[in-house]
Amino acid sequence: MSLREQQIQRNSEILKKYIPEFAVPQIAMWIIEFDFKLKITKERRTRLGDYTSPRNGLNHVITINHNLNCYSFLITLVHEVAHLKTYNEYKNKVLPHGQEWKNNFKLLM
C-alpha cells in the first residue's frame with residue numbers, strides 16, 4: 001500500500017466517527033488534495049469551525065467542533081474547505097463570504 005493510500009485510509013477511519021459514511025472518501029481525499037490539517041476541537045460557543053491560512057511555514061488548518069451531529073460537521077467542514085480553496089485562488093484579496101467563496105462552496109457541495 002502506497003503512502004497516499006495509507007493516509008487516505010487513516011483519514012477515513014477518523015472521519016467515519018464524525019461525518020456520514022457516503023462523504024468519507026471525498027473528504028479523506030480533500031485532506032490530501034488541499035493539504036490541510038484537520039483538528040477536531042472541544043465545543044466553542046462562538047463558532048462551529050474555522051480556517052487558518054498557512055503562516056510561518058505551517059500548513060492550512062481547519063478546526064471543527066467535536067460535538068456537532070454528522071451533517072452539521074460535514075457542512076461546517078465543507079464551509080471551511082471553501083475558505084481554503086478561496087484563499088488558494090485569491091489570497092486575502094476577496095471578502096470572507098463574498099461571491100468567490102460562495103462559488104467555491106457551491107462547487108464543493
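Just so you know, these numbers use all the heavy atoms, side chains as well, and skip hydrogens, waters and symmetry mates.
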Using only atom types and a distance under 3.5 Å, with no angle test, would you say the side chain of [X] pairs donor to acceptor with the backbone of [Y]?
{"X": "Glu43", "Y": "Asn67", "value": "no"}
{"X": "Asn65", "Y": "Leu68", "value": "no"}
{"X": "His66", "Y": "Ile40", "value": "no"}
{"X": "Asp50", "Y": "Ile62", "value": "no"}
{"X": "Glu5", "Y": "Ser2", "value": "yes"}

Can you check whether [X] reaches [Y] side chain to side chain, under 4.5 Å on heavy atoms?
{"X": "Leu95", "Y": "Trp101", "value": "no"}
{"X": "Asn59", "Y": "Phe34", "value": "no"}
{"X": "Asn11", "Y": "Trp30", "value": "no"}
{"X": "Leu74", "Y": "Pro20", "value": "yes"}
{"X": "Ile64", "Y": "Thr41", "value": "no"}

Is there a chain of hydrophobic side chains (I, L, V, M, F, W, Y, each step under 4.5 Å between heavy atoms) that links [X] to [Y]?
{"X": "Met1", "Y": "Leu3", "value": "no"}
{"X": "Ile27", "Y": "Tyr71", "value": "yes"}
{"X": "Ile14", "Y": "Ile19", "value": "yes"}
{"X": "Leu107", "Y": "Met29", "value": "no"}
{"X": "Val24", "Y": "Leu108", "value": "yes"}

- Is the cationic atom of Lys85 (NZ for Lys, CZ for Arg) positioned less than 6.0 Å from the six-membered ring centroid of Tyr87 and within 45 degrees of its normal? no
- Item | Stepwise side-chain contact (heavy atoms from CB on, under 4.5 Å) check, Ile8 with Ser12 | CA-CA 6 Å; Ile8 292 169; Ser12 296; 4.1 Å; yes
- Task: Just do the side-chain contact (heavy atoms from CB on, under 4.5 Å) check on Gln9 and Gln7 with the steps written out, would you?
- Result: CA-CA 5 Å; Gln9 185 176 8; Gln7 289 173 322; over 6 Å; no
- Around atom NZ of Lys93, are there more than 12 heavy atoms of other residues, nucleotides or ligands at under 6.0 Å? no
- Message: Surrounding CD of Gln6 (heavy atoms of other residues, nucleotides or ligands, distance under 6.0 Å), is the total greater than 12?
- Response: yes
- Return yes if a side-chain donor-acceptor contact under 3.5 Å exists between Arg47 and Thr63, otherwise no. no
- Item | Donor + acceptor pair across side chains of Asn103, Gln99 (<3.5 Å) | yes
- Between His60 and Tyr51, is the ring centre distance below 6.0 Å? yes
- For the side-chain contact (heavy atoms from CB on, under 4.5 Å) test, which of Leu15, Val81, Leu77 pairs with Ile31? Leu15
- Take Glu89 and Asn104, measure what side-chain contact (heavy atoms from CB on, under 4.5 Å) needs, and give me the verdict at the end. CA-CA 10 Å; Glu89 294 171 0; Asn104 280 326; 3.2 Å; yes
- Message: So, taking the atom named CZ in Phe105 and the one named CD in Glu100, what distance separates them when rounded to the nearest 0.5 Å?
- Response: 16.0 Å
- Task: Classify the ring geometry between His97 and His79 as parallel (under 30°), tilted (30 to 60°) or perpendicular (over 60°).
- Result: tilted
